[in-house]
Amino acid sequence: MNVYDIKNIRNIAFLGHSGTGKTTLTEAMLYFTKAIDRMGKIEDGTTASDYDQEEKKRAISISSSVLPVEWKNNKINIIDVPGYFDFVGEVLQSYRAMDVAVIVVCGKSGIQVGTDQVWEYVSEKKIPRAFFINKIDRENADFDKVLASLKEAYGISVVPLQYPIGSEENFKGIINIVSHKARIFNKKNNIMEEADVPSNLVNKMEECKQMLIEAVAETDEELLEKYFSEGTLSDEEIYEGLTKGIVNAEIVPVFCGSATTMVGIETLLEEIIEALPSPAQMNGMKGKDSSGNEKIVKFDPSGAPSAFVFKTIVDPFIGKLSMFKVVTGKITSDMNLYNPNNDKTERMGGLFFTRGKQQINTKEVSAGDIGVISKLQYTRTSDTLCTQNNVIMYEEIKFPETSISLAVVPKAKNDEDKISTGLSRLMDEDETFTVSRDKESAETIISGTGETHLEVIASKLKSKFGADVELSVPKIPYRETIKKKSDVQGKHKKQSGGHGQYGDVKIRFEPRTDGETDLLFVDEVVGGVVPRQYIPAVEKGLRECIQKGVLAGYPVIKLKATLYDGSYHPVDSSEMAFKIASSLAFKKGLAEANPVILEPIMHVEVKIPDSYMGDIIGDINKKRGKVLGMEPHGKYQIVSAEVPQAEMLKYATDLRSMTQGRGQFTMKFERYDEVPVQETAKIIESAKKELEEE
């Protein structure tokens, strides 16, 4: 693949709701530009971008793929991004690689949840964007209706740059609104041939062009003055102002076509080159210099080499692949580059471009372009590579917190090492996925953004690392405590010839009221009834005992134990005897002090559109939760609540179902509260069953 000047590079990402045709659109562009010799299909598992085994099995995109095409002395890096909600990490990585977000919308379905979510993020970050209305050939597809809904939802800056000729099965061509040139698709050779604008669309084209000119004029004072004085703008001025408006996120052009029939693919490529900005026209990337001062770094091929690593791929056979975007200078395979994130120097090994799973070797990657390097030792996603003489650290990607956790249960006993290695490698690849070890239950817990996300992780463990696992609901870390006082004696006396065993303690047990949860041991022994050397053994015995309560075997918290009396034998007493005596006192004392089970209560904040408020509050009440308050946040509401953890294990799935994917939530541990009586019986029964199974 040739090395291209920065002005001839375009970095675009296809984003949007799942099922709008992003992968098929990518495939059509690859086929049209002869990057592939036949057009693959999602249902057959033959597309260039969805090459992973899991993607083929599920027929959805799971990972973002970079697929460059060469066309008329230009290079277009296409990033095919998953639309499924669980793979938000892939979306966030893609934002840092692309220059323009092309939001793909179905010509029949129009705006969907995924459309809204992408729009909100790119608006917040002021990322340049465009719309592609796909599937114009579908039954009931309506370009005008979808365009009107986009303008109504997202503002007057949404303007058409293309208009379809015909619709549904009669969709056959595209009109360029700037040039007023019509192109009809020739099925025999897959090219667009010039034709006259249909007479019924002439007035429509004038209306659309006027809309476009007004939008362009409003972005530039000189163009606005010319528009007021002459009433129009030249085609060159329109494109110049349009590109500037796109860069500043003031104008959102709308393209159209059909990926499956190839109608509009050629015209889309033309407009990507003509209207969308090159990296040289972009506003640059945020970073900090060696002194910690913030700065914006423009994409510049003449600067010192620097690049941002936006994605990591882990392959058990070829090792770690780091995908990067060059910001300044150029990177060659013989360089040593500095990683300021971890103060390490990396040796650049094999450089290449990817087109799905295909690797295209290259000797250099220049500013504005996207490349891949293999086997970097210290570099992770979000790291910067630069020279030590010109240190820059680009802004890291902020990934969302995990929202669901499941326990990993190996199907084969000897797979623990494989699982551990596999999970560690997958964490390198996926920043929205974490692994932890529950010391109490000895479970390995994996956490992610949704059930499908974790199911994919489990499948990758098997396919990539040969470890077959099951996912189960993690055990809830219940606790036990007491509600009343008790005063008991624990006496251990055993005679078996020779030295016997003798330990005798009197202990007062009561709830701890100072807010602390750890055992409070108080020594009130007077007169040496329990010798000083045995008192630590009493405390140690109690601390061992609180690991398992008397109701269901859960750790005991908020307990105060006062040793105030006892007796000993000058020959038979020992530390072990007093430990056993304290254990007897513990079991007896807690049983008499009204023991109860406590459950973890989580503080939950749910961000939802107003229309779902009633459903969310009703669901929280069903989950034994307590709503604390509501607070407006833009066009959303944030509901604060406290809910038992046991009721929140699958909340990520529940919330997505209730809000069609529009809701988000965060959750953190708040405190322990007493479990209701009806729930206590279930917990005790479950604990007994587990003990029997063990």
Side-chain angles (χ1 to χ4, degrees), residues 18 50 52-64 81-93 114 117 311-316 381 397 399-412 415-438 441-477 600 602 604 606 645-659 661 663-669:
S18 185
D50 288 356
D52 186 84
Q53 189 175 324
E54 279 300 304
E55 292 176 312
K56 291 179 181 181
K57 185 173 80 175
R58 297 171 185 269
I60 59 169
S61 296
I62 289 171
S63 299
S64 55
V81 184
Y84 201 78
F85 301 122
D86 281 32
F87 308 109
V88 63
E90 297 289 332
V91 180
L92 296 177
Q93 289 171 349
Q117 289 184 334
K311 180 178 170 68
T312 303
I313 300 169
V314 175
D315 189 289
T381 300
I397 303 169
F399 292 98
E401 293 179 14
T402 58
S403 57
I404 186 170
S405 298
L406 293 173
V408 174
V409 182
K411 287 188 178 178
D415 277 355
E416 280 85 354
D417 287 343
K418 284 184 186 176
I419 292 168
S420 178
T421 302
L423 290 176
S424 178
R425 299 281 288 278
L426 290 171
M427 269 204 298
D428 286 340
E429 184 175 89
D430 188 346
E431 297 284 337
T432 60
F433 159 64
T434 62
V435 181
S436 58
R437 181 82 173 172
D438 189 318
S441 64
E443 289 180 317
T444 298
I445 307 294
I446 60 172
S447 304
T449 55
E451 276 190 83
T452 304
H453 182 202
L454 297 184
E455 286 168 6
V456 166
I457 294 290
S459 293
K460 283 184 177 181
L461 267 180
K462 183 178 181 181
S463 61
K464 287 188 173 186
F465 302 97
D468 203 0
V469 299
E470 287 180 351
L471 299 179
S472 64
V473 174
K475 293 175 183 175
I476 302 295
M602 313 304 286
V604 182
V606 190
Q645 185 183 355
E647 304 287 346
M648 295 295 291
L649 295 174
K650 297 287 184 78
Y651 192 63
T653 308
D654 296 344
L655 181 63
R656 194 165 290 166
S657 174
M658 285 186 289
T659 64
Q664 302 169 14
F665 79 103
T666 57
M667 181 170 70
K668 64 178 182 180
F669 172 76

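Keep in mind that what you see is a predicted model, and the values were worked out from it rather than measured. The first residue in the sequence is number 1, and the count goes up from there.
- With hydrogens and angles disregarded, a donor-acceptor distance shorter than 3.5 Å links the side chain of Q117 to the backbone of G661.
- Remark: E416 pairs with no residue by the salt bridge (charged side-chain N to carboxylate O under 4.0 Å, His left out) rule, at least two apart or across chains.
- The side-chain heavy atoms of I397 and E431, taken from C-beta on, include no pair separated by under 4.5 Å.
- Judged as a side-chain hydrogen bond (donor to acceptor under 3.5 Å, both in side chains), the pairs with a partner in residues 419-428 (not counting sequence neighbours) are, in order, R380-D428.
- With sequence neighbours left out, the side-chain hydrogen bond (donor to acceptor under 3.5 Å, both in side chains) criterion links T381 to T312.
- Contact record, L655 with G663: CD2-C, 3.6 Å, taken as the closest heavy-atom pair.
- The shortest side-chain heavy-atom distance between I457 and D430 falls under the 4.5 Å cut-off.
- In this structure, the separation between CD on Q645 and OH on Y651 is 15.0 Å, given to the nearest 0.5 Å.
- Here S63 contributes atom OG and F87 contributes atom CZ; the two are 8.0 Å apart, rounded to the nearest 0.5 Å.
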Can you give me every donor-acceptor pair (side chain of residues 442-450, partner residue at least two apart or in another chain, under 3.5 Å) with its distance?
{"from": "E443", "atom 1": "OE1", "to": "S441", "atom 2": "OG", "distance (Å)": "3.3"}
{"from": "E443", "atom 1": "OE1", "to": "K475", "atom 2": "N", "distance (Å)": "3.1"}
{"from": "T444", "atom 1": "OG1", "to": "R437", "atom 2": "NH1", "distance (Å)": "3.0"}
{"from": "S447", "atom 1": "OG", "to": "S405", "atom 2": "OG", "distance (Å)": "2.6"}
{"from": "T449", "atom 1": "OG1", "to": "D86", "atom 2": "O", "distance (Å)": "2.4"}
{"from": "T449", "atom 1": "OG1", "to": "H453", "atom 2": "ND1", "distance (Å)": "3.1"}

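- Residue I62 comes nearest to P82 through the heavy atom pair O-CG, 3.3 Å, listed as atom of the first residue, atom of the second, then distance.
- Looking at residues two or more places apart in sequence or on another chain, you find a side-chain hydrogen bond (donor to acceptor under 3.5 Å, both in side chains) between D654 and K623.
- Between atom CE of residue M602 and atom CE of residue M667 there is a gap of 4.5 Å, rounded to the nearest 0.5 Å.
- Remark: F399 engages no residue in a ring-ring contact (aromatic ring centres under 6.0 Å, His included) (not counting sequence neighbours).
- Taking the side-chain hydrogen bond (donor to acceptor under 3.5 Å, both in side chains) definition, one finds that E429 meets it with K460, sequence neighbours left out.
- In this structure, the side chain of E451 does not engage the main chain of K650 through any donor-acceptor pair within 3.5 Å.
- I404 contributes atom CD1, which lies 8.5 Å from atom CZ of R656 (distance to the nearest 0.5 angstrom).
- For the pair V88 and P400, the minimum side-chain heavy-atom distance is below 4.5 Å.
- Listed by chain and number, the residues in a side-chain hydrogen bond (donor to acceptor under 3.5 Å, both in side chains) with Q664 amount to none (sequence neighbours excluded).
- Every side-chain contact (heavy atoms from CB on, under 4.5 Å) that M427 has, sequence neighbours left out, goes to F433, V435.
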With a 3.5 Å cut-off and sequence neighbours excluded, list the donor-acceptor pairs that the side chains of residues 462-473 form with protein atoms.
{"from": "S463", "atom 1": "OG", "to": "S459", "atom 2": "O", "distance (Å)": "3.2"}
{"from": "K464", "atom 1": "NZ", "to": "V314", "atom 2": "O", "distance (Å)": "3.2"}

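- The shortest non-hydrogen separation linking I419 to P410 is CD1-CB, 3.5 Å.
- Residues passing the salt bridge (charged side-chain N to carboxylate O under 4.0 Å, His left out) test with E54, sequence neighbours excluded: K57, R58.
- Residue S64 holds its OG atom at 4.0 Å from NZ of K311, rounded to the nearest 0.5 Å.
- Annotation for K668: atom NZ does not count as buried by contact number, only 12 or fewer foreign heavy atoms lying within 6.0 Å.
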